[in-house]
Number of protein chains: 2
Amino acid sequence: MAKTDVLSLAILGMLAEQPLHGYQIRKRLGGELGPFRALSYGSLYPCLKRMLGAGLIAADESEADAVRAGGSKRSRIAYRLTEAGQARLADELASSGASSWDDETFDVRFSLFGKTDSATRLRILEGRRTRLAERLEEVAEGLARMRDRHDAYTAELQRHGLERVEREVEWLDKLIENERSAPRGTDHHTASAGDNN
Amino acid sequence: MAKTDVLSLAILGMLAEQPLHGYQIRKRLGGELGPFRALSYGSLYPCLKRMLGAGLIAADESEADAVRAGGSKRSRIAYRLTEAGQARLADELASSGASSWDDETFDVRFSLFGKTDSATRLRILEGRRTRLAERLEEVAEGLARMRDRHDAYTAELQRHGLERVEREVEWLDKLIENERSAPRGTDHHTASAGDNN
DNA sequence: ACCGCGATGTATCGCGGCGATACAACGCTC
DNA sequence: GAGCGTTGTATCGCCGCGATACATCGCGGT
């Protein structure tokens, strides 16, 4: 069973809206997921190649002008989901295993909540919450154990890290609450009015 | 001019206190920097090898029992700083360039503030603050621009990311204030009472 | 007395992400 | 019409990571 990595998932979700060029994929991912999760070409193109090989996406070559004398042709490649790709995306969106709330995965998964049904959303949010709560205890314990045979700055770093995770848990609590009280279904058509860049 | 990567820097700082085995280095780094910045063997040993090659550290082979019949000898390798390593560490600790407040570097750099003089600490904290403030504007701008031709969940993710960065800035402000009002010098001898594990 | 199991300890392999870099053509302004 | 920023595709080397293998030590259980 071929596993879908985070990067592929993000691309899958992105291409579900509309076909895009590699360049556009990169730019959008940089914009939507914030300055976090910037995507380098060194990851993008190999990943697209992998996905092509797996048959998840297809490449529509366009703008292929006649080959000039010894010249090249300004090739632009629009990638779109194949049916296999749509199926894989649907599969992935319906899943709510432990991998859904890993540090690296969660953000991307969350950004696709618009295409995810309410029950799955809730499971993922709760899983993430539990994971962070565990981490919370670990850090708190470690912080208590290091009490004062240690550098003040190191301790402060720990304390701050702890606070960060606490905020994260609060955020999740808010989201969970919200999800419970208003479990609206997957809303399609939320995105992509005619914006091109 | 050989550049010192973050990992090497962390190890340099760690070995400045006392010689350690690879295993111990990993465990400590996992504990001190929190569950963040966990260090895998796949990074550690190659890095140690690089540092050995660069002459920054030396390996003290110990517990080398007589080779039993066809047996191996339970080798344990204690790494310690060479003079070149100490010099490099001092160099690095005195520097306060832009690389000091990068995302990947800052935490490690901060954890070594106990060995850094007050002026340098302040420069780094301010540099970091500026960097985050820039990011703050970028995200805020991006968030405003995506106003409501976009998925609600994606927007929420952005909003939360923004909040996280804001908290980070507040934290830095607090630290800067503190540093300005009480610029105590580098305090040595803060760490390492007889704790062994 | 022995067994097993978890902690200590060193080491490598393949995968994949990243920064840098190269190349090319487009469109805009001065 | 020269320059320059943007769009666009692609690769290379470095290195971090998870998994894995191996070996020994020390402890508690039966």
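All chains are named by letter (A, B, ...) in the order of the sequence lines, taking the proteins before the strands, and each is independently numbered beginning at 1.
Looking at the side chain of Y23(B), the nearest of the listed nucleotides dA7(C), dT11(D), dT7(D) is dA7(C). Of the candidates dG17(C), dA10(D), dG16(D), dG17(C) carries the atom nearest the D5(A) side chain, counting heavy atoms from C-beta on. For Y41(B), the side-chain atoms get nearest to dT20(D) when compared with the rest of dA10(D), dT11(D), dT20(D).
For H21(A) and dT9(D), the NE2 to C1' distance is 11 Å, given to the nearest whole Å. The CG atom of L20(B) sits 15 Å away from the C1' atom of dT10(C) (whole-angstrom rounding). As a whole-Å value, the separation of D103(A) CG from dG17(C) P is 17 Å. Taking atom CG on L39(A) and atom P on dC18(C), their separation rounds to 6 Å, with Å as the unit. Atom-to-atom, CG of L7(A) to P of dC17(D) comes out at 18 Å; the value is rounded to the nearest Å. Spacing between atom CD1 of I25(B) and atom C1' of dA11(C) amounts to 15 Å, rounded to whole angstrom units. Summarising the geometry, the separation between CZ on R50(A) and C1' on dG16(C) is reported as 6 Å, rounded to the nearest angstrom. Look at OH on Y45(A): it is 12 Å from C1' on dT11(D), rounded to the nearest Å.
Dashed line: the shortest gap from a side-chain N or O of K49(A) to OP1 or OP2 of dT11(D) is under 4.0 Å.
Salt bridge status for D102(B) with R131(B): present, with a side-chain N to carboxylate O gap under 4.0 Å. For the pair E156(A) and K174(B), the salt-bridge criterion is met [side-chain N within less than 4.0 Å of a carboxylate O]. Ionic pairing of R128(B) and D103(B) is present here: one or more N-O contacts between side-chain nitrogen and carboxylate oxygen are shorter than 4.0 angstrom.
Nucleic acid contact for R26(A): none, since no nucleic acid atom lies under 4.0 Å from a heavy atom of the residue. Nucleic acid contact for G42(B): base, since at least one base atom lies under 4.0 Å from a heavy atom of the residue.
Looking at which nucleotide of DNA chain D each of L44(B) and S43(A) is closest to, the 5′-most match is held by S43(A).
E17(B) pairs with exactly one of R80(B), R28(B), K115(B) by the salt bridge (Lys or Arg N to Asp or Glu O under 4.0 Å) rule, that one being K115(B).
Of the N and O atoms on the side chains of T4(A) and R88(A), at least one donor lies less than 3.5 Å from an acceptor on the other residue.
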